[in-house]
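Heads up, the thing below is written out as structure tokens.
Treat the numbers as computed from the prediction; the structure is a model and nothing was measured.
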Amino acid sequence: MSELNLNLEGQEVLVKDTKFFIPEWNMRKQMANSKFVLPLVIEPMSNAIAVSGDDDESLYGAALVRGIGNAIAESDLDTVIPKLLDGVTYITDKGVPAMASIDKLEGEGFNFFDLMKVCLEVLKVNVGPLFNGDFQEMMGGL
């Protein structure tokens, strides 16, 4: 598919004044990516829940940031980041839709922290719903 014919579908997010379109993963993509993605969020989320009380958002947030930071530091980012960027499109600084990749984003002036923000947006769209609703309650019943 030519980049000029890309469909800009998915959840629109803004990173560094650039519009990104984050696709929602189907069930097969969720399963295929789980071995890369879940280690980034499961332990940090469970640790954050464990150390904070119901009314202590700042402690929860600090534990979550620390946990995700540790998980990222221990991950093979050369493998994980391309998996997260797969299917993500953005509008270049010339106004043209393009598929996101590490090299293309670096060429557009993005740095490592900008790239991580894009990846966190992908996680929010595709893994965030796992922690909404009754997931914690369901797992507590095991």
Side-chain angles (χ1 to χ4, degrees), residues 1-140:
M1 173 183 283
S2 147
E3 292 200 338
L4 295 175
N5 295 325
L6 290 175
N7 288 328
L8 298 177
E9 296 177 357
Q11 186 169 333
E12 184 179 322
V13 297
L14 194 64
V15 176
K16 196 176 176 180
D17 296 326
T18 299
K19 283 185 187 178
F20 284 84
F21 299 88
I22 311 294
E24 290 184 34
W25 297 340
N26 63 25
M27 191 181 305
R28 292 221 180 264
K29 183 121 180 180
Q30 288 280 0
M31 292 185 311
N33 286 347
S34 66
K35 72 179 181 177
F36 303 106
V37 172
L38 291 180
L40 293 174
V41 294
I42 292 292
E43 188 173 343
M45 291 293 286
S46 62
N47 288 342
I49 290 167
V51 300
S52 66
D54 290 339
D55 59 346
D56 197 350
E57 268 186 51
S58 61
L59 189 55
Y60 175 83
L64 187 59
V65 167
R66 181 170 188 243
I68 290 177
N70 287 341
I72 288 170
E74 294 172 6
S75 295
D76 177 5
L77 296 180
D78 286 328
T79 301
V80 173
I81 290 175
K83 295 281 186 193
L84 294 176
L85 292 179
D86 185 37
V88 173
T89 55
Y90 72 103
I91 305 297
T92 69
D93 60 358
K94 293 178 174 56
V96 178
M99 295 298 295
S101 73
I102 296 168
D103 293 335
K104 285 182 184 176
L105 293 176
E106 187 171 32
E108 295 270 348
F110 281 69
N111 62 36
F112 176 73
F113 299 103
D114 301 325
L115 177 64
M116 294 309 299
K117 181 156 174 53
V118 173
C119 291
L120 288 173
E121 292 293 343
V122 173
L123 290 173
K124 281 198 293 190
V125 168
N126 289 291
V127 184
L130 182 64
F131 299 99
N132 294 338
D134 298 326
F135 181 73
Q136 185 178 353
E137 182 180 317
M138 178 182 77
M139 294 307 283

How close do [X] and [Y] get, heavy atom to heavy atom, and via which atoms?
X: K83; Y: F36; result: CE-CE1, 3.5 Å
X: D76; Y: T79; result: OD2-OG1, 2.8 Å
X: P23; Y: V125; result: O-CG1, 4.2 Å

(message) Between E108 and K104, does any NZ, NE, NH1 or NH2 come within less than 4.0 Å of an OD or OE carboxylate oxygen?
(response)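 Answer for the salt bridge query: no.
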For the [atom1] atom of [X] and the [atom2] atom of [Y], what is their distance to the nearest 0.5 Å?
X: M99; Y: L105; atom1: CE; atom2: CG; answer: 11.0 Å
X: R28; Y: N26; atom1: CZ; atom2: CG; answer: 8.5 Å
X: W25; Y: Q30; atom1: CH2; atom2: CD; answer: 6.0 Å
X: I102; Y: L85; atom1: CD1; atom2: CG; answer: 6.5 Å
X: T89; Y: L8; atom1: OG1; atom2: CG; answer: 5.0 Å

Any side-chain heavy-atom pair from [X] and [Y] closer than 4.5 angstrom?
X: I22; Y: E12; result: no
X: F112; Y: M116; result: yes
X: E121; Y: F20; result: no
X: L120; Y: L123; result: yes
X: F110; Y: V15; result: yes

Give a yes or no answer on whether the side chain of [X] reaches the backbone of [Y] with a donor-acceptor pair at less than 3.5 Å.
X: S75; Y: L77; result: no
X: N126; Y: V37; result: no
X: K16; Y: K117; result: no

(message) Quick check with a 6.0 Å cut-off and a 45 degree axis cone: is K19 positioned over the face of Y90's six-membered ring?
(response)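 Relative to the ring axis of Y90, which defines the angle, K19 lies outside at least one limit.
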